[in-house]
Every structure is written in structure tokens, then in C-alpha cells.
Amino acid sequence: MVLSIYDTFSRAPKEISSGNGVVSMYCCGPTVYRDAHVGNLRTFLLSDLIARTIRLSGLNVDMVQNITDVGHMSDDFQEDKMLEQSEKEKIDPFEIARKYEERFHHDLSNLNIIPAQKYPRASESIELMHEMISALINKGAAYVAEDQCVYFDAQSFEGYGQISGNRLDSLKPGHKYEFVEDGAKKFHADWALWKTAGNRKEMIWDSPWGPGFPGWHIECSAMSLKFLDSHVNVHVGGIDLRFPHHENERAQSNSITGTESVDLWVHGEHLLFEGRKMSKSAGNVVLLNDVIAKGFDPLALRLCFLENRYRSQMDLSWQSIASAHDTIKRWRSKIAGWGLSNSIKIDSTILAFLENDLETPRVITYLRSVEKDSNLTDAEKSNAFLFADQVLGLHLSRPEKVKALSEELNLLLAERENARAAKNWALSDELRIRLESAGLEISDSAAGQSWSWR
RNA sequence: GGUGGAAUGGCCGAGAGGCGAGGCAAGGGACUGCAAAUCCCUCUACACGGGUUCAAAUCCCGUUUCCACCUCCA
């Protein structure tokens with residue numbers, strides 16, 4: 001068996017394909033002008049789940065994720081997101097890019113996401129894009145307009161819109177935004193491959209069409225074809241990218257290769273936070289660092305995502321993160337008690353759930369039932385959890401990290417032990433409150449007082 | 001207007017023709033000096049109207065509501 005995933009293009013589950021036992025994957029990466037929020041991270045986790053499941057089935061994965069550090073325009077179409085942020089922070093745009101790129105990798109690591117093989121940067125792939133744009137012009141799929149920009153000719157690509165279901169003739173120009181007819185494009189659905197510099201002074205490159213900068217969609221085509229040998233087995237991205245980004249990417253890539261360049265399009269649904277879309281204006285943008293700052297294990301967020309289907313919108317809340325945090329803690333402690341084995345046996349039930357369109361919610365439910373099943377031995381329970389954890393990635397075999405206690409807390413603990421020995425309950429309770437507010441969890445049993453970090 | 005989804009108990013959410021997931025919250029109990037943690041128990045739902053079927057939350061038709069995308073949002 002191999003993994004089947006729902007394919008947006010054919011609207012049905014489809015088995016993943018591979019060449020020589022290696023599955024090529026491309027995942028649309030971040031635009032590094034700000035921190036990734038937990039919604040972005042959900043999509044990045046999706047590619048990790050796919051890659052881990054593929055590996056569990058015995059195949060290899062070659063994954064590429066781009067870093068967009070130029071060409072992604074702000075909502076008003078006027079300014080590059082990078083330059084806008086550069087203006088705000090008074091830092092060079094490339095420094096901005098490296099800063100947020102670094103933080104992006106840090107977030108991935110905190111979420112226990114296995115790194116891709118390559119993270120090519122748009123700003124370092126300009127030559128690649130030039131080559132592709134030239135090739136598209138030669139094939140008659142793109143044209144240089146009067147405004148010195150190069151546009152893709154949407155009508156040249158038969159089957160434009162098949163991923164999203166949109167049709168060129170029913171796409172209304174400018175429905176969402178006020179449509180500004182600049183006269184340069186031949187058709188309203190055409191998009192820019194290369195934009196002329198105009199007044200722009202930073203982040204511009206020379207090109208056969210004059211100084212300028214690349215459009216957003218061309219980078220993914222250029223990088224995916226270059227670094228994955230002209231064919232992508234699995235393409236991953238957020239649902240919002242289905243149209244127009246992936247539609248345009250497909251048109252570009254297929255025009256170059258003359259074939260269907262992507263086998264399987266996977267889209268992750270969006271995340272709401274406490275019932276609302278995360279947005280700056282709503283003030284409910286949550287970062288992984290916010291989760292960590294509240295004292296939660298970042299992997300609690302991972303568990304929250306795993307408990308929901310990747311294709312469903314989900315509603316995240318602080319309560320669900322807190323609950324996931326406790327669950328992971330309990331599992332780690334139980335697994336430590338059951339004992340770890342150095343050889344993990346295949347659990348075909350779990351594998352079947354995963355290979356059937358990444359049914360991680362079922363895996364979690366199954367694990368909860370294993371946890372409670374008194375007919376299973378400790379070794380069997382431990383094996384089920386550790387097998388699943390190869391994909392779940394919750395570090396379930398890791399003993400709870402023990403932060404060193406400060407001297408002050410040590411003294412308080414000793415003091416409380418004495419108070420308990422003297423049956424001075426009032427003092428003992430008061431000390432417990434102080435210890436708990438410092439983040440400790442105190443438990444008393446016949447064996448005496450013990451503690452752990454919350 | 002076009003396109004892609006969704007509607008399940010106080011909340012979050014799996015399930016996709018038959019035997020009522022699970023979690024959180026709440027209430028009760030065990031344990032405890034009292035707690036915390038843990039364990040046990042309780043609480044029972046599928047938007048509306050038709051249809052198909054022995055049987056529908058699940059399939060079909062219609063309605064309503066919600067979300068997303070519509071030309072540079074993960």
C-alpha cells in the first residue's frame with residue numbers, strides 16, 4: 001500500500017506516484033516579510049505529514065519549499081511586501097528577508113517538522129526565471145507588453161482553471177478589487193511574469209526586458225521544475241492558493257514541459273482562531289511564539305492540528321491547545337511507564353489510517369482507545385504510540401524536559417516538606433500556592449511530596 | 001454573478017446506509033490532611049423540506065444559513 005491523498009484537480013483520492021522510489025514534493029513556502037502565524041504553520045505541517053507517511057510506506061522523499069523574498073505584492077498592488085516592511089522596520093529588505101526566514105526555520109523546528117531538502121530563495125533564482133520567461137515567450141505563451149512588462153497569455157493555455165473549476169469566460173475582471181485597466185495586458189486574466197522597475201530602486205535586477213523584478217507566480221514554476229527534475233509528484237499549498245496561484249503555476253509549468261507537470265495537488269484548509277479568521281484587524285493573529293510564551297509545548301499545537309482533518313476548516317482556541325498540552329504530557333509519562341522498545345513493529349491499523357488520505361484524527365482516536373484497553377500489554381501499547389509517533393511527531397518517547405529548579409524553589413520545596421512532616425497544613429498549602437504560581441505542579445502521595453513543571 | 005467547501009450535543013469535533021466516536025466544559029464518585037494529577041460514572045446530537053430504502057446524520061432533489069477564492073492571503 002502507498003498513501004492516497006485527495007487530489008484537488010481530479011476531485012478524488014489519488015495514489016501518490018514516484019520515480020525510482022523517490023517522491024518529488026513541492027510546498028509553497030512563506031513570504032518572509034513577517035512571522036508565520038499558526039495558520040501558515042498548519043499548511044507547512046501538512047507537507048511534513050505527507051512526507052513522513054510516504055517514508056513510513058518505504059519510499060523516499062525529495063522536497064523543495066521556496067522562500068519568497070521578492071515579487072509578492074501587498075494587498076493594494078502598489079508595493080512589494082518586502083519593501084513595505086523594510087520601510088516600516090527601517091532595515092534593508094534583504095535583511096528583513098533573512099530575519100524572517102531564520103524565524104520560519106525556527107518555527108518549523110519547534111513544530112518538529114522535518115526540513116525539506118532545499119529552500120531556494122526567489123531572489124537567488126532570478127536567472128532561472130529569466131530562462132523560463134524566455135522559453136514561454138518563444139513558445140508563444142507570453143508576450144512583452146507596451147509597458148515593458150512580460151505577461152503570460154492566459155488564453156494560450158487550454159484548460160486554464162481546471163484545478164479550481166474557474167473558467168476564463170466566467171471570471172469577472174475586478175470583482176473583488178476595483179479593476180484598473182492599464183491597457184498593457186491583452187486580456188484581463190493575464191498575469192505578470194516580469195515587471196519593469198519603474199520608480200523602484202531596490203530589489204531590481206537586469207533582464208532581457210530591462211531592469212525589473214519577477215512576478216509572484218513564476219518563481220514556483222521555475223524552482224519546482226529546476227530542482228525536482230521537471231516533474232512534481234505531490235504539490236502542497238494552502239487552499240487560498242488554489243486560485244489564481246496554482247492555476248497560473250500549472251499553466252506556466254505545463255506550457256514549458258508540454259505535459260501535466262504535477263501529478264497530485266493537495267490543499268490544506270484554513271484555520272480560524274476562536275471562531276474568527278485570523279487577521280491583523282481582528283487582532284487575533286497567533287504566532288507559535290505566543291503559544292510557547294504561554295507555557296505550552298509547541299507540539300501541543302501539532303496535536304491540535306492532527307486531531308482535525310487537513311481538508312476541513314478548523315477552529316483553534318487556547319482551550320484546545322491547553323487540552324492538547326495535557327494530553328501529550330500524559331502520554332509521555334504513560335509511555336515512559338510502559339517502557340520503550342528499540343524495535344518498533346509496524347501497526348497496520350495505524351498505517352492504514354494514515355495511508356487513507358492522512359486520517360490522523362482516526363489515529364488519535366485509536367491511540368486513545370489503545371491507552372484505555374486493558375487487554376493490551378504495556379509493550380503493545382507502547383509500540384502503537386511509538387509507531388504512530390513516526391508520523392505524528394509529538395516526541396512521545398521523550399521524557400518530560402526537566403528544567404533545573406532555582407535555589408529559591410528548592411528551598412520552598414524543602415520548607416513545604418518540613419511543614420507537611422509537622423502536619424502544618426496551613427503553611428503547606430500556602431507554600432503550594434507559591435510553588436504553583438511559579439509554574440510547578442505539586443503532588444502529595446504516601447511516598448511524600450513530588451513535583452513537575454506544568 | 002462565477003467557483004470550491006461546510007452545517008453533528010454547552011463548546012470543539014470524528015463518522016459517510018443498520019449496533020449512538022472522542023475530547024473539552026459541567027455534575028457525581030475514588031484517591032488526598034485538603035488539593036492537583038490520575039482513574040471511574042453521568043449528560044446524548046446530526047440545519048430545514050421532500051424523496052430513495054426494510055433501514056438515512058450518511059444517498060438523491062430542493063431550501064436556508066455560513067466559510068473561502070475570483071487575478072499577488074497558508
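Chain letters run A, B, ... following the sequence lines, proteins first, then strands; residues in each count from 1. These numbers come from a predicted model, not from an experiment.
- If you take CZ of Phe9(A) and C1' of U3(B), they are 15 Å apart, rounded to a whole angstrom.
- The interatomic distance linking Phe44(A) (CZ) with A74(B) (C1') rounds to 6 Å, in whole Å.
- In this structure, Asp107(A) places its CG atom 14 Å from P of A74(B), rounding to the nearest Å.
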**Study point:** Letter per nucleotide, 5' to 3', of nucleotides 12-18 of chain B [B base touched, S only sugar-phosphate touched, - untouched; heavy atoms, 4.0 Å]
**Key:** SSSSS--
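- Nearest heavy-atom pair, Val391(A) versus Leu49(A), reported as atom, atom and distance to 0.1 Å: O-CD2, 3.7 Å.
- Around atom CD of Glu102(A), no more than 12 heavy atoms belonging to other residues, nucleotides or ligands sit under 6.0 Å away.
- As rounded to the nearest Å, A21(B) and U38(B) have C1' atoms that lie 23 Å from one another.
- Pairing each heavy atom of Glu269(A) with each of Arg42(A), the nearest pair is O-NH1, 3.1 Å.
- Nucleotides U42(B) and C59(B) place their P atoms 31 Å apart, quoted to the nearest Å.
- Mapped onto RNA chain B by nearest heavy atom, Leu241(A) and Tyr160(A) fall at different nucleotides, with Tyr160(A) at the one closer to the 5' end.
- For Phe104(A) and Phe44(A), the gap between ring centers is short of 6.0 Å.
- Residue Tyr366(A) contributes atom OH, which lies 16 Å from atom P of G22(B) at whole-angstrom precision.
- With both ends at atom P, the span from U8(B) to G2(B) equals 26 Å, rounded to whole Å.
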Review point. Just by protein heavy atoms under 4.0 Å, how would nucleotides 28-35 of chain B read 5' to 3' in B, S and -?
Key: -----BBB
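- Using modelled atom types, one side-chain atom of Glu247(A) and one backbone atom of Ser164(A) make a donor-acceptor pair closer than 3.5 Å.
- Set against A36(B), G23(B), U71(B), the side chain of Glu441(A) has A36(B) as its closest nucleotide.
- Of the residues near RNA chain B, Arg11(A) and Glu269(A), the one whose nearest nucleotide (by heavy atom distance) lies more toward the 5' end is Arg11(A).
- A sub-4.0 Å separation between OP1 or OP2 of A74(B) and a side-chain N or O of His267(A) is absent.
- Taking atom P in both G13(B) and C70(B), one finds a spacing of 24 Å when rounded to whole Å.
- Lacking a ring centre under 5.5 Å from that of the base six-membered ring together with a plane angle below 30°, His37(A) does not count as stacked on A74(B).
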Acceptor/donor pairs from residues 310-319 of chain A side chains to any protein atom, 3.5 angstrom cut, sequence neighbours excluded:
unit_1, atom_1, unit_2, atom_2, d
Tyr310(A), OH, Asp357(A), OD1, 2.6
Arg311(A), NE, Asp357(A), OD2, 3.2
Arg311(A), NH2, Asp357(A), OD2, 3.1
Ser312(A), OG, Arg309(A), NE, 3.1
Ser312(A), OG, Arg309(A), NH2, 2.9
Asp315(A), OD1, Glu274(A), N, 3.1
Asp315(A), OD1, Gly275(A), N, 2.7
Asp315(A), OD2, Gly275(A), N, 3.2
Ser317(A), OG, Ser320(A), N, 3.1
Ser317(A), OG, Ser320(A), OG, 3.2

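- With sequence neighbours excluded, the residues satisfying salt bridge (Lys or Arg N to Asp or Glu O under 4.0 Å) with Arg103(A) are Asp35(A).
- Comparing A74(B), G23(B), A25(B) against the side chain of Leu271(A) picks out A74(B) as the nearest.
- Counting non-hydrogen atoms under 4.0 angstrom, Lys423(A) reaches nothing in the nucleic acid.
- Here the P atom of nucleotide C72(B) and the OH atom of Tyr151(A) are 11 Å apart, to the nearest Å.
- If you take atom C1' in A16(B) and the same atom in A7(B), they sit 15 Å apart, rounded to whole Å.
- The distance from atom NZ of Lys372(A) to atom P of U38(B) is 11 Å, rounded to the nearest whole Å.
- Within 6.0 Å of the CD atom in Glu87(A), the count of heavy atoms belonging to other residues, nucleotides or ligands does not exceed 12.
- A salt bridge between Lys329(A) and Asp326(A) is absent, with no side-chain N of the basic residue lying under 4.0 Å from a carboxylate O of the acidic one.
- Taking atom CZ of Phe213(A) as the reference point, atom P of C72(B) lies 12 Å away to the nearest angstrom.
- Residues satisfying the salt bridge (Lys or Arg N to Asp or Glu O under 4.0 Å) criterion with Arg434(A), sequence neighbours excluded, are absent altogether.
- Comparing G49(B) with A56(B), their C1' atoms sit 15 Å apart, to the nearest whole Å.
- Looking at the side chain of Phe243(A), the nearest of the listed nucleotides C72(B), C70(B), A74(B) is C70(B).
- Residue contacts shown for Gly268(A) are absent, as no nucleic acid heavy atom lies under 4.0 Å away.
- Between G1(B) and G15(B), the two P atoms lie 33 Å apart (nearest whole Å).
- Nucleic acid contact class of Arg368(A) (heavy atoms, under 4.0 Å, all strands): sugar-phosphate only.
- Within 6.0 Å of the NE2 atom in His105(A), the count of heavy atoms belonging to other residues, nucleotides or ligands exceeds 12.
- The P atoms of U3(B) and C46(B) are separated by 32 Å, rounded to the nearest whole Å.
- Using a 4.0 Å cut-off between charged side-chain N and carboxylate O, Glu84(A) and Arg34(A) make no salt bridge.
- Side chain of Asp389(A) to backbone of His395(A): a donor-acceptor contact under 3.5 angstrom is found.
- Distance Arg34(A) CZ to C72(B) C1': 13 Å, rounded to the nearest Å.
- Ion pairing between a basic and an acidic side chain is recognised when a charged N comes within 4.0 Å of a carboxylate O; Arg420(A) and Glu417(A) show no such pairing.
- Pairs of Watson-Crick or G-U wobble type, with distances under 3.5 Å, assemble into runs of 3 or more in RNA chain B at these ranges: B:1-7 with B:64-70, B:10-12 with B:22-24, B:26-30 with B:38-42, B:47-51 with B:59-63.
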